[in-house]
K.L.:
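Just dropping this structure here.
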There are 2 protein chains.
Amino acid sequence: MTKAPVSDPRRTLTLRDVSEASGVSEMTVSRVLRNRGDVSVATRERVLEAARNLGYVPNKIAGALASQRVNLVGVIIPSLSNMVFPEVLAGVSDTLDDTGLQPVVGVTNYSPEREEQVIYEMLSWRPSGMIVAGLEHTEASRAMLAQAGIPIVEIMDIDGEAVDSAVGISHRRAGRQMAEAIIAAGYRKIAFLGTMMPHDHRARKRLQGFEEALAKAGLKLVDQEFYSGGSALLKGREMTEAVLKRSPDVDFLYYSNDMIGAGGLLYCLAQGIDVPGRIGLAGFNGVELLDGLPRRLATMDACRLEIGRRAAEIIAGKHEGVIGGEVIELFPTLQPGDTIRKV
Amino acid sequence: MTKAPVSDPRRTLTLRDVSEASGVSEMTVSRVLRNRGDVSVATRERVLEAARNLGYVPNKIAGALASQRVNLVGVIIPSLSNMVFPEVLAGVSDTLDDTGLQPVVGVTNYSPEREEQVIYEMLSWRPSGMIVAGLEHTEASRAMLAQAGIPIVEIMDIDGEAVDSAVGISHRRAGRQMAEAIIAAGYRKIAFLGTMMPHDHRARKRLQGFEEALAKAGLKLVDQEFYSGGSALLKGREMTEAVLKRSPDVDFLYYSNDMIGAGGLLYCLAQGIDVPGRIGLAGFNGVELLDGLPRRLATMDACRLEIGRRAAEIIAGKHEGVIGGEVIELFPTLQPGDTIRKV
DNA sequence: CGAGGGGCTGTTAGCGGTAACATAGCCGAT
DNA sequence: ATCGGCTATGTTACCGCTAACAGCCCCTCG
């Protein structure tokens, strides 16, 4: 049974209430609740009991203001609706869990202006660090991050200049690598299918690297197709159909992500097309979903979990005093699956 | 005292810095930056310019403490790694965007203890409202929510007792409805495939409703299979294989979510099984992914976007003074797709 | 037996804003 | 000229908590 000792039961409780209920000073209560400093066992028990009975929940706003310390880490990502960012988040949470730090997520929907707002909003809560997806930001965003006086980690990508630290892979290199593998397997009429979003810089860089490697082999894309919005799986299907109709002689389809790749794969299988003999396929990300498909789509793991972990480690580390912007490059592994011919 | 604003460039700025730079009082700066009260155009311009030049970012911690107002709404969900909760979130964000309120997400991983921690943590930031998935919480969680003195909306489910308000569907009814449709289509040997998680109360309730309806028709489940962890699509495939091996005479497979249903569908198609003639299939959620599958899986839309929207509306509304716990029931529509025989 | 040192608790002064009220001009109406 | 009322700005007192320091008590040790 919870007792309602106060005259106004709806008033939110403060340290003072606990202090009065337990007969010690507010300071002692504060010490008990934060486990800081020496408090006798008897007092501690008494305070804890009082706090529990009252249902006291500390006010972190006041605490943060007084101590100039906030246990929050801002994590800013473009989207929650594809499986890649939640996995990064999982990595961040994993690592942060042991540190007393707590992630707070902001979503930008791939809009630089929105990102600027979210960063501003986030910084106004004075977090202990920020993890931001990508290296491309508005001038104002970069300035805010740089001036914030907290560790900043830009993640996913390392092809560009970081404000402070960075953890990611080279998407240009990833695109190149995939192209090389495809060419080595003997494919020559290669098409690209991807997202239309002009702000998906990483997809853009993969395509760049991909085309570079093609060019080096004296090839160029035979066709391309872009989409935006809708069910990625369905779009992959539709785009694949469109490309195959338009360019019947293509022998490889490179997708900018696994989801549309999976759609393409299902389409090809349904059409009875010989994969990877007549046509090869590849995606990007290494999402778990691929495990359940009738055939393994070739892909590259984007190191999402690892990126989240390393980013969080940097924040947690600096939090304890380390300094200096470091750039950590991770190396994705190519998973050839069953949709590229064996050489 | 360190009152020299220029001496330490890394010191974070305060209202005082802007006030000194623009030659007005802190109060006036505060008014300008919040667009509150009358300030002359000239002064406003001067202040804004100074703030911009300095790169001042307001300290919401101090602001919130002083004004006893926080524009945050806690949203607590079990997981980010299936597509259902991100969509709820999208609905919440949509609606909140127009209100000056901002969602802050907490993830519990389906653990009641973790949920309790997250709620505590959240409440300690004194948000303007809380949206929590589900009606099942620890005693302490319910107590905290009830005492918080802010609007609480429990979402997704309405089969149970709400702390304050609730928006959701009846999962029991949903299960019942699906069972009725299946029975009406003539299926009789029905199996259930679902998640093992003991804390997925909504899946549990659907199964209960499902079995109730079966019982009413004099039927009971012929077989069941549970999983936990891993790629849901793959698990769906594996479980389906297991069930079909073990109980070759089943004629319907009811899945607790679309993802494993999709895996099952792909498996059946690959095996050349006549769907929906020989075997019927159904899932739950109505996820977008289904659009891209070779055949439309029967499912029920869980009204995720709508739930998020309505929940946010309640918070935003109460924020403006409305009172009283309301329960809003939404009604999912059964989408028969192509995996249930037409009657 | 007094000094020195812990262990434990209390006191004071903010942290950086904002609510509420006070004040200084300036105007037109009386 | 007096007054009231308005606009634009400043002053004061906190918001709820914690850092830093100040005590007090009791024990140990030379």
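Just so it is clear, the structure is predicted and the values come from calculations on it, not from any experiment. Chain letters run A, B, ... following the sequence lines, proteins first and then strands; every chain starts at 1.
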K.L.:
Taking atom types as modelled, find out whether S111(A) and T108(A) have a side-chain donor-acceptor pair closer than 3.5 angstrom.
P.N.:
no

K.L.:
Rounded to the Å, how far apart are D17(A) CG and dG16(D) P?
P.N.:
10 Å

K.L.:
Within this structure, what is the CD-to-P distance between E45(A) and dC8(C), rounded to whole angstrom?
P.N.:
14 Å

K.L.:
Counting just side-chain N and O atoms, does R69(A) come under 4.0 Å of either OP1 or OP2 of dA19(D)?
P.N.:
yes

K.L.:
Heavy atoms under 4.0 Å, any strand shown: does R34(A) hit a base, just sugar-phosphate, or nothing?
P.N.:
sugar-phosphate

K.L.:
Once you apply a heavy-atom cut-off of 4.0 Å, does N59(A) come out as touching a base, just sugar-phosphate, or nothing?
P.N.:
sugar-phosphate

K.L.:
Return no unless some side-chain N or O of S67(B) is found under 4.0 Å from OP1 or OP2 of dG17(C).
P.N.:
no

K.L.:
How many Å lie between CE on M27(B) and P on dG16(C), as a whole number?
P.N.:
17 Å

K.L.:
Please state whether the phosphate of dG10(C), meaning OP1 or OP2, lies under 4.0 angstrom from any side-chain nitrogen or oxygen of T28(A).
P.N.:
yes

K.L.:
Say whether, by atom type as modelled, one donor and one acceptor occur between the side chain of S165(A) and the main chain of E326(A) under 3.5 angstrom.
P.N.:
yes

K.L.:
Considering just the side-chain nitrogens and oxygens of Q68(A), establish if one lies under 4.0 Å of OP1 or OP2 belonging to dG16(C).
P.N.:
yes

K.L.:
Rounded to the nearest angstrom, tell me the gap between atom CG in L65(B) and atom P in dT18(D).
P.N.:
12 Å

K.L.:
Ignoring backbone atoms, test whether Y56(A) places a side-chain nitrogen or oxygen under 4.0 Å from the OP1 or OP2 oxygen of dC17(D).
P.N.:
yes

K.L.:
When you check the phosphate oxygens OP1 and OP2 of dC15(D), does a side-chain N or O of T14(A) lie under 4.0 Å from one of them?
P.N.:
no

K.L.:
Tell me: NZ of K60(B) to C1' of dG16(D), nearest whole Å?
P.N.:
20 Å

K.L.:
Can you tell me if E136(B) and H199(B) form a side-chain donor-acceptor pair at under 3.5 Å?
P.N.:
no

K.L.:
Spell out, as yes or no, whether a donor-acceptor pair under 3.5 Å connects the side chain of T95(A) to the backbone of E313(A).
P.N.:
no

K.L.:
Any side-chain N or O of S25(A) under 4.0 Å from OP1/OP2 of dT11(C)?
P.N.:
no

K.L.:
Write down the distance between CZ (R31(B)) and P (dT11(D)), rounded to a whole number of angstrom.
P.N.:
11 Å

K.L.:
Could you state the CZ-C1' distance from R46(B) to dA8(D), rounded to the nearest angstrom?
P.N.:
12 Å

K.L.:
Could you give the CZ-to-C1' distance, from R126(A) to dG16(C), as a whole number of Å?
P.N.:
9 Å

K.L.:
Looking only at atom types and distance, does a side-chain atom of S67(A) sit under 3.5 Å from a main-chain N or O of G63(A), one as donor and one as acceptor?
P.N.:
yes

